[in-house]
Amino acid sequence: MLKAIGAFVLGSILALSACSRHKTLTRDELRSQIFSAKSLAAETEIFVDYVRQKRATKHYAQGHLEYLAEQVENSRQELHQSSPVQGEEDAFQKLSAQFDALHAELHIIGKKLDDVNALATAKEHIARIRQTLDEANSTI
Amino acid sequence: MKKLLGVTLGIMTALGGFVDLGQIVFTTQAGALFGYQLMWAIALGTAAIIIYMEMCGRVAVVAKEPVFAVVHTRLGKKLGLAALIASNLLNLITCAAEIGGIAILLHLLTGWPEKLLLLATTLTLGTIVLLFRFQWIERTFGFSGLVMIVFAVAAVSFHPDWTQLARGLIPKVSQADTNHTLVYWYFAVGIFSAMLMEYEVHFYSSGALEEDWTPRDLGENFMVAAFGSLLGSLLTVALLALGAMLFLPHSIFPQILSTAVFAGAFPFAEKALIAAVAGCVACLAGAAVETALSGGYNVCQFFNLEWGKNLPAKSVPVFTGTWVAMFILAAVIALTGVRPLQLVNISIVFGMVVMPFTYYPILRTASDKNVMGKHVNSKFDDVIGGIVLVLVVIAALAAIPLMVVTHSGRP
């Protein structure tokens, strides 16, 4: 019984590590990455409004934006370590560029939390990022 | 008054148990992806944890055997030891995740460096556990966790669609496509697992003995288990509803703790945000304390060594040494920089796999007339307990394959 449990746990770990090493993004995985990027962009838009309405403390706003930027950075890294399946290079490039743009916007927002106009501009930029991601998704 | 204060064991167990880091993010994600469709998993998990929590309390009180003494007796030394090692590893991972989560929340509150806050959190929790008697530990974390009510108030203020919410009590077996269906079942298993996390019953049954419950307290045992779990369940429903109302319409999939937290304060101003953070800190701290203490309880109960939070620390060296070691190792794991949500994903999925090895011995003991006498399970208890155990086994078998094929529930 113990041997069976051991084999099961070892098998699971091997299966998981195999999953984490693969490099080619399938169409479904690319769609999933785009969904994640759109989600982060939409969340940033909502949060910018929340900050503009002075409903978040300064520490919370800065901290949350740091964590969002970290999440975007993780996704960027993951993407940079992968390549698209043949025929999806364009969507892949668009996604990569939008992750970069979102990362840059998050840094700008973090520095201009008290500047209502800068926040409004950043929100417009993020809306455009989301639109581009929608377009990329529709081409897959 | 004593009875009222006794309820705090159930509240702390349930809030620290299933309104912890994993549940806060996991349930909000489930709501953001599937709306109210997974309400049934919460209802099922609530019923299951009430049944088994009550059984664990009853076995502890009547047979004077807490969970890991029962595991030893029923599974034997070898398999029991494997269950002990697996359970304590999961407790350690969960404790690390909760401490990491608290550091994140305190960073959001103060802006101070996360690693410094992580060390301060570990030191503070360790000091509280060392200095406070068991009853004061449960009261401190039980009552402070009630601040989480702000999530329920936020959910109600969004005017949920009660009809849709009620419809969510019926499982929807298939979704739009195979991928969505698999993700749906991954979240169903995850919610069920998070509500039945083993350390809840370890802590609860040990707590019943720490509080010197006798068979005369068995009525209270059911009340405590049911009240605490229903309160935890209510907050879990609030998290699901917030995910459904705030994130689903915008196609947001909350991937970090701070997103799930601000959902609890979204309709309100700054003070509600501070309350939401404070409530989460209290729940996560309760979970960290539960897992660390459970580590000590499990080892001592399995090897039949003396244990007890109310005994002088020096007179129970293995118990004290184990929970202190749990805190220290958890802090070391969290300090390596591994993200708490990654840890909690592991603990939820692998927790489900280990679960049958705890719940089966409990059911067997509670059904044993030689051990339980007149407090043995009724036929009804046996049938319901058996059905829950079958579901636990099915979920345990499905947990890892679902995690692999869905890439940990990635939509």
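It should be emphasised that the depicted structure is a prediction, and the values quoted were computed from it without experimental measurement. Order of the sequence lines sets the chain letters (A, B, ...), proteins ahead of strands, with each chain counted from 1.
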Visitor: With a 3.5 Å distance limit and no angle check, can you tell me whether A/Tyr60 reaches the backbone of B/Ile274 through a side-chain donor-acceptor pair?
Guide: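 No; judged by distance alone, with no hydrogens or angles, the pair does not exist.
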
Visitor: Sort B/Phe247 into side chain, backbone, both or neither according to what part of it lies under 4.5 angstrom from a heavy atom of chain A.
Guide: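 Neither the backbone nor the side chain of B/Phe247 comes within 4.5 Å of chain A.
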
Visitor: Not counting sequence neighbours, which residues clear side chain to side chain donor-acceptor pair (under 3.5 Å) with B/Arg74? List them please.
Guide: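 Once residues adjacent in sequence are excluded, the partners of B/Arg74 under the side chain to side chain donor-acceptor pair (under 3.5 Å) criterion are B/Thr365, B/Asp368.
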
Visitor: Any side-chain heavy atom of B/Gln255 sitting closer than 4.5 Å to one from A/Leu68?
Guide: no

Visitor: Output the option from B/Thr259, B/Asn179, B/Leu109, B/Leu105 having the highest count of non-hydrogen pairs under 4.5 Å with chain A.
Guide: B/Thr259

Visitor: My understanding is that only residues two or more places apart in sequence, or in another chain, count here; which of them pass salt bridge (Lys or Arg N to Asp or Glu O under 4.0 Å) with A/Glu88?
Guide: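 A/Glu88 satisfies salt bridge (Lys or Arg N to Asp or Glu O under 4.0 Å) with A/Arg27 once adjacent residues are dropped.
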
Visitor: Does any heavy atom of chain A fall under 4.5 Å from the side chain of B/Ala265, the backbone, both, or neither of them?
Guide: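 Its backbone and side chain both get close to chain A.
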
Visitor: Heavy-atom distance under 4.5 Å to chain A: side chain of B/Val277, backbone, both or neither?
Guide: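 Just its side chain gets close to chain A.
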
Visitor: Determine the minimum heavy-atom distance between B/Leu246 and A/Ile46, stating which atoms define it.
Guide: O-CD1, 4.5 Å

Visitor: Checking A/Glu43 against chain B: side chain, backbone, both or neither under 4.5 Å from a heavy atom?
Guide: both

Visitor: Between A/Ser32, A/Ala61, A/Gly63, which residue shows the highest count of heavy-atom pairs closer than 4.5 Å to chain B?
Guide: A/Ser32

Visitor: To the nearest 0.5 Å, tell me how far A/Phe47 CZ sits from B/Ile252 CD1.
Guide: 12.0 Å

Visitor: Tell me whether B/His180 at atom NE2 has more than 12 heavy atoms from other residues, nucleotides or ligands lying less than 6.0 Å away.
Guide: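 It does not: B/His180 NE2 has 12 such atoms or fewer within range.
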
Visitor: For A/Lys54, is it the side chain, the backbone, both, or neither that has a heavy atom closer than 4.5 Å to a heavy atom of chain B?
Guide: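 For A/Lys54, the backbone is the part near chain B, not the side chain.
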
Visitor: Side-chain contact test, heavy atoms from C-beta onward, threshold under 4.5 Å: evaluate it for B/Trp112 versus A/His59 and give yes or no.
Guide: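 No - every pair of side-chain heavy atoms lies 4.5 Å or more apart.
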
Visitor: Using atom types as modelled and distance alone, determine if a side-chain donor or acceptor of A/Ser39 lies under 3.5 Å from a backbone N or O of B/Phe253.
Guide: yes

Visitor: Quick check on B/Ser408 against chain A: is it the side chain, the backbone, both or neither that has a heavy atom closer than 4.5 Å?
Guide: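 Contact with chain A involves no heavy atom of B/Ser408 at all.
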
Visitor: Side-chain donor-acceptor pair under 3.5 Å between A/Glu45 and B/His250, yes or no?
Guide: no

Visitor: What pair of heavy atoms forms the shortest contact from A/Arg55 to B/Pro267, and how long is it?
Guide: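 In this case the closest contact between A/Arg55 and B/Pro267 is NH1-C, 3.6 Å.
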
Visitor: In terms of heavy-atom contacts, does CD of A/Gln53 have more than 12 from other residues, nucleotides or ligands at under 6.0 Å?
Guide: yes

Visitor: Could you give the distance from CG (A/Leu40) to CD1 (B/Ile256), rounded to the nearest 0.5 Å?
Guide: 7.5 Å

Visitor: Answer whether the closest heavy-atom distance between the side chains of B/Arg410 and A/Gln33 falls below 4.5 Å.
Guide: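 Sidechains of A/Gln33 and B/Arg410: in contact.
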
Visitor: I'd like to check B/Arg339 versus A/Tyr67 (side-chain heavy atoms, cut-off strictly below 4.5 Å). Are they in contact?
Guide: yes

